[in-house]
Amino acid sequence: MTTIAKRDFRKVSDYLWEIPTSFRSEMRVPVWVYADDELLEDALGDASIQQAINVACLPGLIGKVVVMPDVHQGYGMPIGGVMAAPLPHGIISPGAVGYDINCGVRLLSTSIEFGEAEPYLSDLATSLYRNCPSGVGEKGSIRVSPDEFDQLCREGAEWALKRGYAQAEDLPRTEESGRIDGADPTKVSRRAKDRGRPQVGTLGAGNHFIEVDIVDAVFHPEAAETMGLKEGHLAVQIHCGSRGFGHQVCTDYVADFQSAVKKYNITLPDRELVCAPLDSPEGKDYLGAMKAAANYAFANRQVLVHHIRRSFDETLAGKVKDHDVRQVYDIAHNMGKIEEHDIDGGRVAVCVHRKGATRAFGPGFEGLPPEYRAFGQPVLVPGSMGTASWVLLGTEGSMAQSFGSTCHGAGRVMSRTKAKKEIRGEKLKSDLERDGIKVRAGSLAGLAEEAPQAYKDVDRVVEVVSRAGIARKVARLRPIAVIKG
DNA sequence: ATGTTC
């Protein structure tokens, strides 16, 4: 295996670096890395660039492989990577979508000023922790029968609306309106369904969280106002995905695809990048199962919104002027999506794999609710625990450069194992509380894994995508309460 | 990320 160094890149700009196909004979498309000098050094500190080069060696891709500034190594493809496979014969790869299918972020706005809510924030944090079950393997309070579960897989957030866990206005402010067509629960294993059914409306563990924030700074007043984001007001973020359900779907298809690789004579640079042609029976089956898991994640985040609204009712009704919680937007950052893009001079239908990358469609995109259409798609970028988060917009630049994609978070610089060894959860918790952030966490070891020191600086990541033109700043959020497994 | 080495 070749070691990669800075000299192997062609510097395109201060924020974009290219590894041309001439770097390695097996490369079929170039790799584009969005980073400044420091973030490029970080990226070279683990296997993520090597993994992106492996991806660029896959058959059935088009254009380039894109790497975001928050990149870190993952299963086969780095987290913070984007690849596009042309229809009908290009490939689909479960590892290039990720184990947490449709992991994503939802942002809620309120008209509650920090000052008026301050006396009740401790109660609110405790109530959120109680109402939103968290932790590995944790089950939820919602009962779903097997038949109803198939319906949930087909309908996503629409299922949640029918069951009374949504307000109608929430749905259009969700990517794909919270329901992806073509989900096929018959392509999902019994085991995945058994794991997923009791977990609807749960938060999970790892880097998943619910966070109460203050809108700290506004950079695009008109867009922020339309989103209901006002400086000094509270907002709420949810970061979670498809729990054991999506994980099992990915596990099942990674195993299944081992034989597909042989059957279709695909040469792999890394076993973890198993894939199948999009138009093969295997590829179509995974697509149907992946969409079911995506709808599960939309439903899951929607039920969490319902639980969050209950907590606001319980702790703030009658105590603040208006305790309504409204949806700003919901994005997916682990997904394969069928889209059309301008690539190599033509309009091409592709399956865009975004793994730890966010769709960032620009102004005029018709899939956006009318009030957002002129601005572009809201992009939600959570920082690491205790640090800022960002609301951005997709741009014409992201459409032209990065298959309509941008970054998804801060990005790890320290492995979970190392963080657990080096950081004491108890001290971290008291540091956060001292800084005015309420912490409700099930596990101190889990807290340590998510310490800010284990992550890159999200402000720097956002600066790169903003200066490179693949996103535009709307607002910065600052945490005041964190709920974790 | 994950019934955290099914």
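This structure is a prediction, so every number in the text was calculated from the model and none was measured. The sequence lines fix the lettering, A, B, ..., with proteins before strands; numbering per chain opens at 1.
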Engineer: Could you tell me which residues satisfy salt bridge (charged side-chain N to carboxylate O under 4.0 Å, His left out) with A:K187, sequence neighbours excluded, listed by chain and number?
Structural biologist: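 A:K187 satisfies salt bridge (charged side-chain N to carboxylate O under 4.0 Å, His left out) with A:D285 once adjacent residues are dropped.
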Engineer: Find the distance A:K420:NZ to B:dT2:P and express it as a whole number of Å.
Structural biologist: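 In whole Å, B:dT2 P and A:K420 NZ are 13 Å from each other.
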Engineer: Which salt bridge (charged side-chain N to carboxylate O under 4.0 Å, His left out) pairs, counting each pair once, include a residue from residues 38-58 of chain A, with sequence neighbours left out?
Structural biologist: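 Every pair satisfying salt bridge (charged side-chain N to carboxylate O under 4.0 Å, His left out) with a residue in residues 38-58 of chain A: A:K6-A:E41, A:E38-A:R460.
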Engineer: Assign each of A:L203 and A:R191 to its nearest nucleotide of DNA chain B by heavy atoms, then name whichever residue's nucleotide is nearer the 5' end.
Structural biologist: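 The residue closer to the strand's 5' end, by nearest nucleotide, is A:L203.
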Engineer: Can you name the salt bridge (charged side-chain N to carboxylate O under 4.0 Å, His left out) partners of A:K139, sequence neighbours left out?
Structural biologist: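 Here no residue qualifies.
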Engineer: Could you list all the ring-ring contact (aromatic ring centres under 6.0 Å, His included) pairs where at least one residue sits in residues 177-212 of chain A, not counting sequence neighbours?
Structural biologist: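 Residue pairs passing ring-ring contact (aromatic ring centres under 6.0 Å, His included), neighbours aside: A:H208-A:H239, A:F209-A:H239.
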Engineer: Taking DNA chain B as the partner, which of residues 237-256 of chain A come within under 4.0 angstrom of it by heavy atom?
Structural biologist: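 Within this stretch, A:R243, A:G244, A:H247 sit under 4.0 Å of the strand.
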Engineer: Just checking A:Y372 against A:F365, ring centres under 6.0 Å apart?
Structural biologist: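 That pair fails the under 6.0 Å test.
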Engineer: Between A:E450 (CD) and B:dT4 (P), how many Å, whole number?
Structural biologist: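 After rounding, the reported distance stands at 18 Å.
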Engineer: In whole angstroms, how far is the P atom of B:dT4 from the OH atom of A:Y99?
Structural biologist: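 Value for this atom pair: 14 Å.
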Engineer: What residues, two or more places apart in sequence or in another chain, satisfy salt bridge (charged side-chain N to carboxylate O under 4.0 Å, His left out) together with A:D216?
Structural biologist: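 Checked A:D216 against salt bridge (charged side-chain N to carboxylate O under 4.0 Å, His left out); matches are A:R476, A:R478.
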Engineer: Within the 4.0 Å heavy-atom criterion, would you say A:Q199 contacts the bases, only the backbone, or no part of the nucleic acid?
Structural biologist: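 Answer is sugar-phosphate: A:Q199 comes under 4.0 Å of backbone atoms only.
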Engineer: In whole angstroms, how far is the P atom of B:dT2 from the CD1 atom of A:I101?
Structural biologist: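 Between P of B:dT2 and CD1 of A:I101: 12 Å.
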